[in-house]
K.L.:
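Sharing a structure below in structure tokens format, with a few things to ask.
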Amino acid sequence: MPLPREDTRSLRLLWHDGQVAVHGRRGARCVYDLAERVYPNGPVASTTEFEDSWLFIGLRGNGIANERHLLGYLTAVDLDAAARKRVIARNLKARRIVEVRAEGIPGASYALPEHLDQLSRVP
């Protein structure tokens with residue numbers, strides 16, 4: 001039986017706040033549990049590590065992507081526009097990502113350097 005809309009909203013707010021976590025799925029439905037029972041004990045990622053993971057996971061999954069595509073890739077808490085630009089600029093400067101131009105995609109797109117040799121095979 002589906003949850004009432006208010007319960008679903010409440011769980012999403014608690015998830016965004018880090019109090020509950022997705023423990024599993026039943027079909028398309030999320031199964032939630034308290035965060036301390038889902039997440040392993042260990043060091044907590046820094047803000048920089050979290051922000052970089054948004055970028056690197058998105059690029060590994062997409063091959064190349066612009067900022068808009070990266071924004072919709074993860075179901076984590078969204079970074080605001082200023083944070084996204086800061087993360088991209090920081091990683092471009094450190095040469096952990098490269099800027100590429102893709103036909104049909106307006107503006108700049110990004111890729112991991114190790115993916116560059118594979119881009120010629122993309123249709």
Side-chain angles (χ1 to χ4, degrees):
M1 168 189 275
L3 290 172
R5 179 172 279 164
E6 295 80 16
D7 292 347
T8 303
R9 286 183 186 148
S10 297
L11 282 168
R12 300 267 335 205
L13 288 171
L14 291 169
W15 174 74
H16 277 281
D17 194 42
Q19 295 182 44
V20 299
V22 176
H23 180 265
R25 293 191 179 269
R26 289 193 185 124
R29 292 191 185 141
C30 294
V31 177
Y32 294 94
D33 198 352
L34 295 174
E36 62 261 17
R37 294 195 304 216
V38 175
Y39 299 132
N41 290 330
V44 176
S46 68
T47 301
T48 301
E49 291 169 327
F50 169 76
E51 291 172 344
D52 286 350
S53 72
W54 164 81
L55 179 63
F56 297 135
I57 291 169
L59 289 176
R60 283 188 201 106
N62 287 290
I64 63 169
N66 61 21
E67 184 179 333
R68 186 176 60 83
H69 285 108
L70 291 168
L71 180 61
Y73 188 71
L74 286 178
T75 58
V77 179
D78 294 331
L79 301 177
D80 63 29
R84 291 191 306 266
K85 292 189 184 327
R86 184 180 65 247
V87 171
I88 290 170
R90 175 178 64 233
N91 284 286
L92 280 170
K93 184 176 179 181
R95 296 189 175 147
R96 289 188 290 255
I97 64 170
V98 293
E99 186 174 325
V100 296
R101 297 280 175 189
E103 187 176 322
I105 300 176
S109 291
Y110 307 97
L112 297 170
E114 58 266 25
H115 290 169
L116 289 179
D117 60 334
Q118 299 169 11
L119 290 179
S120 62
R121 294 182 279 182
V122 174

K.L.:
What is the minimum heavy-atom distance between Ile88 and Ile97, and which atoms define it?
P.N.:
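Shortest heavy-atom contact: O-CD1, 3.8 Å.
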
K.L.:
Indicate the atoms forming the closest heavy-atom contact of Val38 with Val22, along with that distance.
P.N.:
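Nearest heavy atoms, Val38 then Val22: CG1-O, 3.9 Å.
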
K.L.:
Hey, are the side chains of Leu79 and Leu71 touching, using non-hydrogen atoms and a 4.5 Å cut-off?
P.N.:
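SC-SC contact between Leu79 and Leu71 ruled out.
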
K.L.:
Backbone N or O of Ser109 within a donor-acceptor pair of the Arg101 side chain at under 3.5 Å?
P.N.:
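No, Arg101 side chain to Ser109 backbone: no donor-acceptor pair under 3.5 Å.
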
K.L.:
Of all heavy-atom pairs between Val87 and Asn91, which one has the smallest distance, and what is that distance?
P.N.:
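Nearest pair, atom of Val87 first, then Asn91: O-ND2, 2.9 Å.
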
K.L.:
Given the rule that I, L, V, M, F, W and Y join up when any side-chain heavy atoms are under 4.5 Å apart, are Ile57 and Tyr39 in one cluster?
P.N.:
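No; Tyr39 is not reachable from Ile57 via cluster members.
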
K.L.:
Do any N or O atoms from the side chain of Asn62 and from the backbone of Gly58 form a donor-acceptor pair under 3.5 angstrom?
P.N.:
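Checked: pair present.
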
K.L.:
Would Glu51 and Arg84 pass as an ion pair if we require N to O under 4.0 Å?
P.N.:
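Salt bridge between Glu51 and Arg84, a charged N being under 4.0 Å from a carboxylate O: no.
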
K.L.:
Nearest 0.5 Å, please: how far is CG in Leu112 from CZ in Arg96?
P.N.:
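One gets 11.0 Å once the value is rounded to the nearest 0.5 Å.
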
K.L.:
Can you tell me how far CD of Glu67 sits from NZ of Lys85, rounded to the nearest 0.5 angstrom?
P.N.:
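Between Lys85 NZ and Glu67 CD, I get 4.0 Å after rounding to 0.5 Å.
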
K.L.:
Might you work through the side-chain contact (heavy atoms from CB on, under 4.5 Å) test for Thr48 and Arg90, ending with a clear yes or no?
P.N.:
CA-CA 10 Å; Thr48 301; Arg90 175 178 64 233; 3.7 Å; yes

K.L.:
State, to 0.1 Å, how close Leu11 and Val20 come at their nearest heavy-atom pair, and which atoms those are.
P.N.:
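Result for this residue pair: O-CG2, 3.8 Å.
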
K.L.:
Taking Leu70 as the starting point, is it possible to reach Leu92 by hopping between hydrophobic residues whose side chains are less than 4.5 Å apart?
P.N.:
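Looking at the clustering, Leu70 is in the same group as Leu92.
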
K.L.:
Looking only at heavy atoms, which two atoms of Tyr110 and Ala108 are closest? And how far apart?
P.N.:
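That would be OH-CB, 3.8 Å.
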
K.L.:
Treating Ile, Leu, Val, Met, Phe, Trp and Tyr as nodes and any side-chain heavy-atom pair under 4.5 angstrom as an edge, say whether Tyr32 and Leu34 lie in one connected cluster.
P.N.:
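No, no single cluster joins them.
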
K.L.:
Counting distance only, does the side-chain N/O of Glu49 pair as donor-acceptor with the main-chain N or O of Ser46 below 3.5 Å?
P.N.:
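Yes, Glu49 side chain to Ser46 backbone: donor-acceptor pair under 3.5 Å.
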
K.L.:
To the nearest 0.5 Å, tell me how far Glu99 CD sits from Ile64 CD1.
P.N.:
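Rounded to the nearest 0.5 Å, the CD-CD1 separation comes out at 11.5 Å.
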
K.L.:
State, yes or no, whether a side-chain contact exists between Arg95 and Pro113 at a heavy-atom distance under 4.5 Å.
P.N.:
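No, side chains not in contact.
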
K.L.:
For the CG atom of Leu14 and the CD atom of Gln19, what is their distance to the nearest 0.5 Å?
P.N.:
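Interatomic distance, Leu14 CG to Gln19 CD, rounded to 0.5 Å: 5.0 Å.
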
K.L.:
If we ignore hydrogens and angles and just use 3.5 Å, is the side chain of Asn66 paired with the main-chain N or O of Arg68 as donor and acceptor?
P.N.:
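A pair under 3.5 Å: yes.
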
K.L.:
Give me the atom names and distance for the closest heavy-atom approach of Gly18 to Ala35.
P.N.:
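Shortest heavy-atom contact: O-CB, 3.2 Å.
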
